[in-house]
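What follows is a set of notes on a single structure, which appears directly below.
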Amino acid sequence: MAAFARPVVLWFRQDLRLADNPALAAAVATGAPVVPVYIWGPAEEGAWPPGQASQWFLHHALESLGADLSARGSRLVIRKGDAQCVLNELVNECGARKVFFNRRYEPSALLQEQAVIDGLVKIGVESITSNSALIFEPNDVATREGRPFKVFTPFYRACLMLPEPLPTVRAPKAIPFPDTPLRSDSVAGLDLLPRIKWDTGLQKTWMPGEAGALRLLKTFINDGLVNYRVDRDRPDRDGVSKLSPYLHFGCIGPRQIWRAVRSHVDATGSGALVESADIYLKELIWREFAYHLLFHFPHSVHKPLRPEFERFPKSAAAAEFVKSWQEGLTGYPIVDAGMRELWHTGWMHNRVRMIVASFLVKDLLAPWTDGARWFWDTLVDADLASNTLGWQWSAGCGSDAAPYFRIFNPILQGQKFDPDGVYVRKWIPELAAVPDRWIHSPFAAPPLVLQSAGVTLGQNYPAPLVDHALARNHALDAFAMIKGKK
DNA sequence: TTTTGAGTTGTTCGA
DNA sequence: GTCGAACAACTCAAA
């Protein structure tokens with residue numbers, strides 16, 4: 001029978017995995033041959049096509065997915081272009097009457113999705129969509145008045161009132177592929193890899209794909225989770241899961257993580273583990289909250305949620321400052337270490353993300369949107385929802401943002417969270433010989449100390465761009481100004 | 001409708 | 001060195 005059944009199309013998007021993939025499961029459950037397709041269409045991502053680092057991750061995640069499909073008797077069809085055109089073309093080629101896919105929530109993706117569904121209806125093809133990317137979709141959570149949440153804590157409480165995430169769908173054992181010959185581009189043909197070889201650091205750091213995600217999750221749950229409460233703030237330790245790029249591309253789903261953590265806690269839960277697990281799972285709910293906000297307030301990707309922040313002043317030197325910040329040449333070691341970690345690995349520890357963001361916006365008085373854009377272009381985990389929420393929070397212009405007076409002191413933050421300077425020395429080797437006492441403030445060290453450490457400020461390590469104490473006062477003035485106090 | 005309590009991640013200053 | 005208060009006022013969400 002199956003040989004004569006019309007095939008169905010499975011459109012892979014940000015869900016590059018076989019397990020916990022409801023659209024794939026639904027397609028396989030039809031009993032018909034399945035045509036899995038990935039469509040590379042950066043032009044449809046609006047102002048936010050994947051950056052170089054994200055493209056690198058995507059390339060390898062696609063190769064991994066292709067291999068996983070082959071192991072199940074299938075293969076990945078790859079095409080370039082406009083999703084609506086490609087899908088129309090593909091259903092005509094293979095005779096499919098059904099297209100399965102998982103939903104996305106970014107503004108441009110929502111438009112794309114509607115165009116795809118409308119286009120397919122016109123030629124008599126049905127679209128069947130599922131949720132794979134979120135534990136709770138944007139409309140699943142609402143205030144009692146039916147409105148979206150703007151504050152995290154009530155959102156979080158509302159989520160906890162909802163039923164626990166369902167057990168995940170297993171990867172299909174076999175995925176039948178039709179006999180029809182179907183043209184496919186190669187992953188390499190998408191031209192996602194850098195022309196100039198700068199990706200060595202990425203290669204050393206990441207193993208993109210479903211297997212890499214599951215391996216990371218397992219290691220984290222067994223080794224990292226119990227100390228997560230403390231170690232999540234320590235960039236000098238290996239204390240976080242680093243699952244963010246895998247979540248972004250859907251190499252793993254949030255429900256898989258939720259279930260795996262919960263099961264581990266239920267099986268072995270000591271007090272410390274329970275506490276750490278709750279904090280970790282709360283981070284997953286932060287991700288949900290970011291999608292909730294992006295969906296309901298799509299303008300937040302480029303406009304502050306608090307409109308008075310459009311008047312927030314900009315330093316006359318902002319453009320130069322941004323450049324130094326990008327290059328890791330601000331003269332504040334913890335900031336520079338973070339920016340260099342980002343450049344080399346496509347990732348930055350979350351504690352350090354907050355520090356560099358506060359520094360850009362409040363010490364350098366540069367627009368938060370410049371920071372958001374740089375992160376977008378350089379992060380392997382660049383995610384419109386999380387990036388937007390993070391920057392609005394740091395800049396203080398989100399609806400539930402850091403209070404204006406919360407200005408990170410880059411020296412204190414370094415001393416507190418990288419007390420032995422291990423993180424700074426790793427990314428700024430020119431400071432390696434600076435003693436612990438001065439590692440986070442080399443500009444304050446006695447000249448003889450710097451001399452014997454081989455550091456000459458302004459030559460092999462920059463003098464600070466701004467004086468933090470002064471910069472802090474300027475920022476406080478700026479906040480008073482936009483509130484109309486000055 | 002009005003009221004009430006609360007809001008991720010910090011720093012500084014003075015006692 | 002440690003500790004508590006101040007740093008504002010506003011908006012959100014629920015009662």
Side-chain angles (χ1 to χ4, degrees), chain A residues 141-161 228-235 237 239-240 244 275-290 292-293 296-297 300 304-309 311-312 332 334-335 338 348-363 368 385-418 440-441 466-486:
Chain A
V141 190
T143 66
R144 293 202 180 166
E145 300 196 320
R147 288 208 278 264
F149 284 98
K150 294 178 172 173
V151 176
F152 175 73
T153 304
F155 175 85
Y156 175 64
R157 292 201 186 109
C159 287
L160 294 187
M161 300 297 289
Y228 183 74
R229 187 180 65 80
V230 173
D231 284 0
R232 74 196 181 111
D233 274 325
R234 294 292 298 267
R237 294 180 187 167
V240 297
S244 51
E275 200 184 345
S276 274
D278 283 347
I279 294 171
Y280 181 72
L281 293 179
K282 201 181 221 180
E283 298 299 326
L284 279 185
I285 302 296
W286 268 96
R287 177 173 174 276
E288 304 282 315
F289 185 49
H292 184 81
L293 290 177
H296 292 290
F297 308 99
S300 65
L305 278 170
R306 293 171 189 257
E308 69 271 22
F309 275 79
R311 292 187 283 127
F312 197 79
Y332 285 90
I334 192 76
V335 174
M348 194 194 306
H349 191 281
N350 184 55
R351 164 61 52 180
V352 190
R353 292 190 198 199
M354 291 189 287
I355 300 171
V356 304
S358 176
F359 191 78
L360 181 74
V361 171
K362 297 176 182 177
D363 285 64
W368 67 269
S386 298
N387 199 43
T388 302
L389 170 63
W391 278 97
Q392 293 240 14
W393 184 86
S394 290
C397 60
S399 57
D400 186 22
Y404 76 97
F405 51 79
R406 189 170 288 149
I407 297 169
F408 287 71
N409 179 325
I411 305 163
L412 278 181
Q413 286 281 315
Q415 290 168 344
K416 211 166 159 184
F417 299 113
D418 180 31
H440 292 293
S441 54
V466 293
D467 177 86
H468 174 69
L470 288 176
R472 179 174 186 273
N473 287 333
H474 290 153
L476 289 172
D477 289 346
F479 281 107
M481 190 271 283
I482 62 169
K483 295 284 177 192
K485 293 285 165 56
K486 274 190 181 175

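In what follows, chains are A, B, ... by sequence order, proteins preceding strands, each numbered from 1.
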Between atom [atom1] in [X] and atom [atom2] in [N], what is the gap in whole Å?
X	N	atom1	atom2	answer
Tyr156(A)	dT9(B)	OH	C1'	15 Å
Asn473(A)	dT11(B)	CG	C1'	12 Å
Ile411(A)	dT11(B)	CD1	P	11 Å
Glu308(A)	dA9(C)	CD	C1'	11 Å
Phe408(A)	dT11(B)	CZ	C1'	11 Å
Arg406(A)	dT8(B)	CZ	P	9 Å
Gln415(A)	dT11(B)	CD	P	10 Å
Phe417(A)	dT8(B)	CZ	C1'	12 Å

Closest contact, heavy atoms only, [X] versus [Y]:
X	Y	result
Arg311(A)	Met481(A)	O-CE, 3.7 Å
Trp368(A)	Ser300(A)	CH2-O, 3.5 Å
Tyr156(A)	Ile285(A)	CD1-CG2, 3.7 Å

Within residues 350-361 of chain A: residues closer than 4.0 Å to DNA chain C (heavy atoms):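 Nothing qualifies; none.
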
Separation of the P atoms in dA8(C) and dT12(B), to the nearest angstrom: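 About 15 Å, rounded to a whole number of Å.
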
Gap in Å between the two P atoms, one belonging to dT8(B) and one to dA13(C), rounded: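 It comes out at 11 Å once rounded to the nearest Å.
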
With [X] via side chain to side chain donor-acceptor pair (under 3.5 Å) - residues at least two apart:
X	result
Arg237(A)	Asp231(A)
Arg234(A)	Asp236(A)
Asp363(A)	His468(A)

Distance-only side-chain donor-acceptor flag, Arg351(A) / Gln413(A), under 3.5 Å: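 A donor-acceptor contact under 3.5 Å links the two side chains.
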
Sugar-phosphate only, base, or nothing, as touched by Glu283(A) at under 4.0 Å among non-hydrogen atoms: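 Contact class for Glu283(A): base.
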
Distance test, side-chain N/O of Gln413(A) to OP1/OP2 of dT9(B), below 4.0 Å: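 Looking at the OP1 and OP2 atoms of dT9(B), neither is under 4.0 Å from any side-chain N or O of Gln413(A).
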
Side-chain N or O of Tyr404(A) closer than 4.0 Å to phosphate OP1/OP2 of dA8(C):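 Result: yes.
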
Strictly under 3.5 Å: I want the nitrogen or oxygen pairs between protein and nucleotides 12-15 of chain B, one per line.
from: dT12(B); atom 1: OP1; to: Asn409(A); atom 2: ND2; distance (Å): 3.3

Ring center gap for Phe479(A) and Phe312(A) short of 6.0 angstrom: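 They qualify: ring centres under 6.0 Å apart.
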
Verify stack between Phe405(A) ring and dT11(B) base, 5.5 Å, 30 degrees: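 No.
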
Residues which pass salt bridge (charged side-chain N to carboxylate O under 4.0 Å, His left out) with Arg147(A), listed by chain and number, not counting sequence neighbours: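 Arg147(A) satisfies salt bridge (charged side-chain N to carboxylate O under 4.0 Å, His left out) with Glu145(A) once adjacent residues are dropped.
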
Give every pair of a protein N or O atom and an N or O atom of nucleotides 10-15 of chain C that lie under 3.5 Å apart, one pair per line with the distance.
from: dC12(C); atom 1: OP1; to: Lys150(A); atom 2: NZ; distance (Å): 3.0
from: dA13(C); atom 1: OP1; to: Lys150(A); atom 2: N; distance (Å): 2.4
from: dA13(C); atom 1: OP1; to: Val151(A); atom 2: N; distance (Å): 3.2
from: dA14(C); atom 1: OP2; to: Arg144(A); atom 2: N; distance (Å): 3.3
from: dA15(C); atom 1: OP2; to: Arg144(A); atom 2: NH1; distance (Å): 2.1
from: dA15(C); atom 1: OP2; to: Arg144(A); atom 2: NH2; distance (Å): 3.2

Only counting residues at least two apart or in another chain, list the ones meeting ring-ring contact (aromatic ring centres under 6.0 Å, His included) with [X].
X	answer
Tyr280(A)	Phe220(A), Tyr228(A)
His292(A)	Phe155(A), His296(A)
Tyr332(A)	Phe359(A), Phe443(A)

Expected output: side-chain Ser358(A) to main-chain Ile355(A) donor-acceptor under 3.5 Å: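 No; judged by distance alone, with no hydrogens or angles, the pair does not exist.
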
Heavy-atom neighbours of Arg229(A) CZ exceed 12 at 6.0 Å: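 Atom CZ in Arg229(A) is not crowded, with 12 or fewer foreign heavy atoms closer than 6.0 Å.
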
Residue Lys416(A), side-chain heavy atoms: nucleotide from dT11(B), dG7(B), dC7(C) that is nearest: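 Looking only at side-chain atoms, Lys416(A) lies closest to dT11(B).
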
Canonical and wobble pairing (Watson-Crick, G-U, under 3.5 Å) of DNA chain B, dot-bracket with |: .||||||..||||||

Please output the side-chain donor-acceptor pairs of residues 397-411 of chain A that fall under 3.5 Å, not counting sequence neighbours, one pair per line with the distance.
from: Ser399(A); atom 1: OG; to: Lys150(A); atom 2: O; distance (Å): 3.0
from: Asp400(A); atom 1: OD2; to: Phe152(A); atom 2: N; distance (Å): 2.9
from: Asn409(A); atom 1: OD1; to: Ile411(A); atom 2: N; distance (Å): 2.9
from: Asn409(A); atom 1: OD1; to: Leu412(A); atom 2: N; distance (Å): 3.2

